Amino acid sequence: MNLNILLFASLKDAAGSSTIDIKLTEGDRVADLIEAIRRDHPQLSERLDHVRVALGDEFVTPETVITEGAELALIPPVSGG
Amino acid sequence: MNLNILLFASLKDAAGSSTIDIKLTEGDRVADLIEAIRRDHPQLSERLDHVRVALGDEFVTPETVITEGAELALIPPVSGG
Amino acid sequence: MSPEPYSASLTRDPLSTEEASRWLQDSTCGAIHLFCGVVRDLNREQTVTRIEYHSHEPLALKSLEKIVAGLVESGATKAIAIHRLGMLEVGETSILLGVSLPHRKRGFELLERGMLEIKSEVAVWKHEHYTDSPPEWIEGS
Amino acid sequence: MSPEPYSASLTRDPLSTEEASRWLQDSTCGAIHLFCGVVRDLNREQTVTRIEYHSHEPLALKSLEKIVAGLVESGATKAIAIHRLGMLEVGETSILLGVSLPHRKRGFELLERGMLEIKSEVAVWKHEHYTDSPPEWIEGS
């Protein structure tokens with residue numbers, strides 16, 4: 001399945017785009033997504049260590065299984081307030 | 001010397017007036033003022049234990065010597081804020 | 001001559017957080033803290049309808065000034081306190097205390113300390129009015 | 001159906017302490033606490049000219065809601081948080097957090113806790129602009 005992942009802040013600048021496309025297999029988890037990004041987008045690799053993943057309006061864990069059409073986003077450490 | 005003492009809150013109600021006149025002798029201190037009030041205005045007596053005395057815009061101690069024309073006030077425990 | 005970085009006042013007019021916040025604003029400050037003491041409808045288990053605030057004004061103003069000057073001495077970039085006097089309805093603000101500083105961390109404790117000092121030092125008294133009984137002076141808080 | 005006692009929002013409009021304070025007002029409350037985070041002119045030893053706030057809006061809003069709901073659960077009668085987004089000049093308020101409660105005592109710590117949670121949980125990022133160098137993303141705070 002193909003997923004469109006939202007990027008923010010320095011990740012967006014590093015990718016040169018506010019989204020990236022990633023191909024995953026049925027049953028893949030968030031941890032697999034991160035590995036796929038490291039492989040396909042090496043320029044993001046060093047920033048992934050501190051990134052959390054959000055599905056819709058909730059954070060998810062590395063074990064969360066990803067399903068078709070999931071609205072995924074990579075969330076670098078926040079700096080609001 | 002004659003002094004006009006300002007009263008506030010329950011003291012004012014107990015005295016039925018926002019000031020009282022007290023006669024003191026040259027050299028008298030704040031502690032003497034309190035004794036004079038106890039004597040001349042017994043209806044205020046029980047409230048005097050928790051009262052502080054102000055001279056102009058400053059609090060003074062029982063040892064402070066009172067001079068002619070001093071602007072004295074009896075300050076019950078405050079409840080502002 | 002630059003104006004003082006603190007301000008204390010007594011007023012019979014309604015208090016404005018917006019004005020206080022504007023006064024506190026400073027390009028070096030990342031944090032503005034405001035506390036509003038508000039007339040509420042219940043005190044000591046009686047229903048309060050309104051409160052009249054009385055004051056020994058010169059004495060109260062002097063204490064209020066010392067308190068905000070002390071907050072600046074302890075790290076606030078600016079500090080402001082305004083105490084309202086006269087008759088206030090439920091929901092109206094009686095005291096507004098505010099500080100600004102570069103970082104928020106110390107602001108919480110400065111504001112808390114300032115309020116404790118105001119409650120114990122400033123010569124203002126509440127004359128509380130109730131639905132079911134005659135008004136009472138509140139002394140001590 | 002009574003409205004929720006908490007409110008979270010994201011906005012591109014200037015924030016108003018007066019509106020927040022009005023929203024927080026409640027006849028049972030004697031205390032209203034407001035905190036404003038403000039754009040200041042210095043960060044990490046660089047002169048800041050302005051900051052653009054970016055957000056993952058649904059995620060940020062959800063976290064902000066959880067935080068204010070948590071403050072109510074912990075004793076605030078009402079709690080409000082508004083985060084501003086877009087380009088802000090020095091002196092403008094980026095975050096406004098407020099609580100009201102019967103007595104002031106717990107308000108200071110609730111506000112402090114709320115700000116810590118906002119700083120660590122809410123999906124908003126600063127893009128800082130400087131006088132002498134290109135803009136930078138701030139990540140972590």
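Heavy-atom basis, side chains included; hydrogens, waters and symmetry copies ignored. Values in this document were obtained by computation on a predicted structure and should not be read as measured data. Chain A is the first sequence line, chain B the second, and so forth, proteins listed ahead of strands; every chain is numbered from 1.
Both the backbone and the side chain of D/Glu121 come within less than 4.5 Å of a heavy atom in chain A.
Checked against side chain to side chain contact (heavy atoms under 4.5 Å, CB included), D/Asn43 has the following partners two or more places apart in sequence or in another chain: D/Val48, D/Glu128, D/Ile138.
Scanning residues 30-59 of chain A against chain D with a 4.5 Å non-hydrogen threshold yields A/Arg52, A/Ala54, A/Gly56, A/Asp57, A/Glu58, A/Phe59, sorted by number. Contacts between residues 13-40 of chain D and chain A, defined by a heavy-atom separation under 4.5 Å, are made by no residue at all. At a heavy-atom cut-off of under 4.5 Å, chain A is reached by D/His83, D/Ser94, D/Ile95 from residues 77-104 of chain D, listed in order of number.
Under a 3.5 Å cut-off, the side chain of D/Trp125 and the backbone N or O of A/Pro77 do form a donor-acceptor pair.
When A/Leu7, A/Val78, A/Ile75 are each tested for a side chain to side chain contact (heavy atoms under 4.5 Å, CB included) with D/His56, only one passes: A/Ile75.
A heavy-atom distance below 4.5 Å is not found between the side chains of D/Glu139 and A/Ser79.
Residue A/Glu71 places its CD atom among 12 or fewer non-hydrogen atoms of other residues, nucleotides or ligands, all under 6.0 Å distant.
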